[in-house]
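None of these values were measured; they are calculated from a predicted model. The chains referred to below are lettered A, B, ... by the order of the sequence lines, with proteins before strands, and numbering in each begins at 1.
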Number of protein chains: 2
Amino acid sequence: MDRQPAELDRFRALLQGYMDKKGLRSTDQRKLIVETFFHADNHVSIEELLAQVRAHDPRVGYATVYRTLKLLAECGVANERRFGDGLTRYELADDGATHHDHLICVECHTITEFEEPRIEDLQEKVARKYGFELRSHKHELYGVCAACQKVRRTGN
Amino acid sequence: MDRQPAELDRFRALLQGYMDKKGLRSTDQRKLIVETFFHADNHVSIEELLAQVRAHDPRVGYATVYRTLKLLAECGVANERRFGDGLTRYELADDGATHHDHLICVECHTITEFEEPRIEDLQEKVARKYGFELRSHKHELYGVCAACQKVRRTGN
DNA sequence: CTAAGTGCAAAAAGTTTGCATTCCG
DNA sequence: CGGAATGCAAACTTTTTGCACTTAG
């Protein structure tokens with residue numbers, strides 16, 4: 001996944017600020033896990049991330065990966081996501097201005113992101129109608145992606 | 001949860017048809033679990049449902065409840081739902097014409113249902129735009145419900 | 001130094017499965 | 001009767017935790 005260095009710097013600063021404030025320490029493992037996460041595909045599962053981390057340093061324990069990702073989620077750098085498959089995945093947080101949601105292919109499990117401001121607006125209306133103070137949301141569309149439909153038509 | 005008897009009859013017929021087709025049997029446990037589910041609050045967790053079932057017959061095993069709920073989901077009578085709390089919950093399926101989604105209070109964990117056809121329309125547009133054949137979706141709004149906001153303001 | 005972090009293995013928590021037994025049709 | 005269903009316990013999967021050891025600040 002290609003990311004703009006500036007975007008990552010913003011997240012590095014956010015994490016650093018949070019760690020300073022809480023008196024948390026910067027260890028080699030944490031740096032490795034965080035940078036691996038930054039350069040991994042979006043929506044990596046913990047298992048996938050652990051494998052990539054261990055390619056650089058096989059001694060990293062999986063508890064450390066769990067703990068580091070929880071930390072990233074806490075400080076707003078990452079979001080925890082659970083799509084249908086029983087795995088927890090993490091994605092880089094949004095930049096504040098935009099928000100994206102997901103299309104998930106039920107056949108090949110590909111995850112595509114989409115943005116639709118009009119849906120976001122309607123959501124806020126719904127929340128207001130119920131006197132609900134909106135904090136976050138999850139909007140996932142499940143179906144068959146274009147590629148899988150094609151495969152199905154052509155018999156492969 | 002108050003439900004119309006006619007609605008439940010439709011689901012009983014749906015289940016019966018599925019069981020007939022598959023050569024499945026109607027046992028006392030299954031009947032008890034299904035009827036308990038029909039008359040329980042919507043979005044019951046398996047644990048809650050098991051407790052209610054055991055109030056009538058303490059010998060029912062939890063594997064049977066799991067298996068029966070999977071069956072209900074398979075035949076379209078129930079939907080499996082996982083909100084943030086790590087529990088699997090089941091709700092009665094929609095009636096085909098309407099579809100509802102959820103507002104979830106992050107403080108008291110109350111689940112409220114909402115319907116917004118305009119969002120459903122926009123969803124379909126998004127799906128079309130990506131050449132995606134839509135099968136189902138999940139739309140959950142997380143925030144603080146009116147009651148919890150009030151508690152917070154009045155200090156209790 | 002000393003409190004935070006790590007790695008490991010054990011513990012949790014939720015769900016699924018294997019198997020002998022029961023019982024529907 | 002024969003195959004489905006049940007109940008139990010054991011197995012599994014994913015995540016969390018306790019603890020002795022290490023290390024950043």
Side-chain angles (χ1 to χ4, degrees), chain A residues 15-37 43-75 78-90 109, chain B residues 15-37 43-75 78-90 109:
Chain A
L15 172 61
Q16 193 56 56
Y18 185 82
M19 289 178 61
D20 289 350
K21 197 177 62 188
K22 292 258 185 174
L24 305 181
R25 294 169 183 174
S26 183
T27 64
D28 288 347
Q29 292 91 327
R30 242 174 221 180
K31 286 183 233 165
L32 174 59
I33 294 166
V34 170
E35 290 303 319
T36 304
F37 172 66
H43 313 116
V44 266
S45 66
I46 293 184
E47 189 170 64
E48 287 161 0
L49 189 62
L50 177 62
Q52 292 175 38
V53 166
R54 282 191 169 161
H56 288 263
D57 182 349
R59 289 164 310 166
V60 174
Y62 59 107
T64 304
V65 175
Y66 273 97
R67 290 187 273 229
T68 302
L69 287 172
K70 284 254 172 285
L71 170 64
L72 291 181
E74 256 172 59
C75 70
N79 292 134
E80 230 176 80
R81 292 277 166 191
R82 263 175 279 263
F83 301 115
D85 58 5
L87 290 177
T88 300
R89 297 170 181 279
Y90 284 83
H109 304 105
Chain B
L15 172 61
Q16 193 56 57
Y18 184 82
M19 288 179 58
D20 289 350
K21 198 177 62 189
K22 292 260 184 171
L24 305 182
R25 294 171 183 174
S26 183
T27 64
D28 288 345
Q29 291 92 328
R30 239 174 222 181
K31 286 183 232 165
L32 173 59
I33 295 166
V34 170
E35 289 303 318
T36 304
F37 172 66
H43 314 115
V44 268
S45 67
I46 292 184
E47 191 169 64
E48 287 161 358
L49 189 63
L50 177 61
Q52 292 175 36
V53 166
R54 284 191 169 161
H56 288 262
D57 182 350
R59 288 165 310 167
V60 174
Y62 59 106
T64 305
V65 175
Y66 275 96
R67 289 187 274 228
T68 302
L69 287 171
K70 285 252 171 288
L71 169 64
L72 291 182
E74 256 172 60
C75 70
N79 291 134
E80 226 175 84
R81 292 276 167 192
R82 262 175 280 260
F83 301 115
D85 59 4
L87 290 177
T88 300
R89 296 171 180 280
Y90 284 83
H109 303 104

Novice: Between A:Tyr66 and B:Ala63, name the one whose nearest nucleotide on DNA chain D is closer to the 5' end.
Specialist: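 Closest to the 5' end, via its nearest nucleotide, is B:Ala63.
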Novice: Report yes if at least one side-chain N or O of B:Arg30 is closer than 4.0 Å to OP1 or OP2 of D:dA5; otherwise report no.
Specialist: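 For D:dA5, OP1 or OP2 has a side-chain N or O of B:Arg30 closer than 4.0 Å.
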Novice: Report which part of the nucleic acid A:Lys22 touches: base, sugar-phosphate, or nothing (heavy-atom distance under 4.0 Å, all strands).
Specialist: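 Answer is nothing: A:Lys22 stays at 4.0 Å or more from every strand.
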Novice: Whole-Å distance between D:dC12 C1' and B:Tyr62 OH?
Specialist: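 Answer to the nearest Å: 12 Å.
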Novice: Distance only, no hydrogens: is a donor on one side chain within 3.5 Å (strictly under) of an acceptor on the other, for A:Ser45 and A:Arg89?
Specialist: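 On atom types as modelled, these side chains do not qualify, holding no pair under 3.5 Å.
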Novice: For a 4.5 angstrom cut-off between non-hydrogen side-chain atoms, does A:Phe37 reach A:Leu72?
Specialist: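 Yes. Closest side-chain heavy atoms under 4.5 Å.
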Novice: C:dG14 phosphate, OP1 or OP2: any side-chain N/O from B:Thr88 under 4.0 angstrom?
Specialist: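 For C:dG14, OP1/OP2 do not have a side-chain N/O of B:Thr88 under 4.0 Å.
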Novice: To the nearest 0.5 Å, what is the distance between NE2 (A:His56) and CD (A:Gln29)?
Specialist: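 Answer for the NE2-CD pair, A:His56 versus A:Gln29, is 14.5 Å.
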Novice: Between A:Leu50 and A:Glu47, is any pair of side-chain heavy atoms under 4.5 Å apart?
Specialist: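 No, every pair of side-chain atoms sits at 4.5 Å or beyond.
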Novice: Just the rounded figure in Å: distance from P of D:dG3 to CE of B:Met19.
Specialist: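 Rounded to the whole Å, the gap is 18 Å.
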Novice: Kindly say if B:Gln29 contacts the phosphate of D:dG7, meaning a side-chain N or O under 4.0 Å from OP1 or OP2.
Specialist: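 True: B:Gln29 side-chain N/O within range (under 4.0 Å) of D:dG7 OP1/OP2.
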Novice: Could you state the atom-to-atom distance from CZ of B:Arg82 to P of C:dT15 in whole Å?
Specialist: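 Atom-to-atom, B:Arg82 to C:dT15, this comes out as 7 Å.
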Novice: Write down the distance between OH (B:Tyr90) and C1' (C:dT15), rounded to a whole number of angstrom.
Specialist: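 In whole Å, C:dT15 C1' lies 10 Å from B:Tyr90 OH.
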Novice: If you check the B:Lys70 side chain, which of C:dT16, D:dG7, D:dT14 turns out closest?
Specialist: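 Nearest to the side chain of B:Lys70 among the choices is C:dT16.
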Novice: Whole angstroms only, please: what is the CD-P distance between B:Glu80 and C:dT15?
Specialist: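 The distance from CD of B:Glu80 to P of C:dT15 comes to 8 Å, rounded to the nearest Å.
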Novice: So do A:Lys70 and A:Tyr90 actually touch side chain to side chain, heavy atoms under 4.5 Å?
Specialist: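 The answer is yes, as the side chains (C-beta and beyond) meet within the 4.5 Å cut-off.
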Novice: What is the distance, to the nearest angstrom, from the CG atom on A:Leu71 to the C1' atom on D:dT16?
Specialist: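 Those two atoms, CG and C1', are 16 Å apart.
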Novice: With sugar-phosphate meaning primed atoms plus P, OP1 and OP2, does A:Lys31 contact a base, only sugar-phosphate, or nothing at under 4.0 Å between heavy atoms?
Specialist: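 Touches nothing.
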Novice: List the protein contact pattern of nucleotides 19-25 of chain D with one symbol per nucleotide (5' to 3'): B for base contact, S for sugar-phosphate-only contact, - for none; contact means a heavy-atom distance under 4.0 Å.
Specialist: ----BBS
Novice: Please report, rounded to the nearest Å, how far the C1' atom of C:dG7 is from the CG atom of A:Asp57.
Specialist: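 Atom-to-atom, A:Asp57 to C:dG7, this comes out as 11 Å.
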Novice: Quick one: B:Leu32 CG to C:dC23 P, roughly how many Å, whole number?
Specialist: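 In whole Å, C:dC23 P lies 15 Å from B:Leu32 CG.
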Novice: A:Leu24 vs A:Leu71, test: side chain to side chain contact (heavy atoms under 4.5 Å, CB included). Steps then yes/no.
Specialist: CA-CA 10 Å; A:Leu24 305 181; A:Leu71 170 64; 3.7 Å; yes
Novice: Quick one: do the A:Arg30 and A:Thr68 side chains pair a donor with an acceptor below 3.5 Å?
Specialist: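 No pair is found: no donor N or O on one side chain lies under 3.5 Å from an acceptor on the other.
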Novice: Pick the closest DNA chain D nucleotide for B:Gly23 and for B:Arg54 by heavy atoms, then say which residue is nearer the 5' end.
Specialist: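 Per heavy-atom nearest nucleotide, the more 5' residue is B:Gly23.
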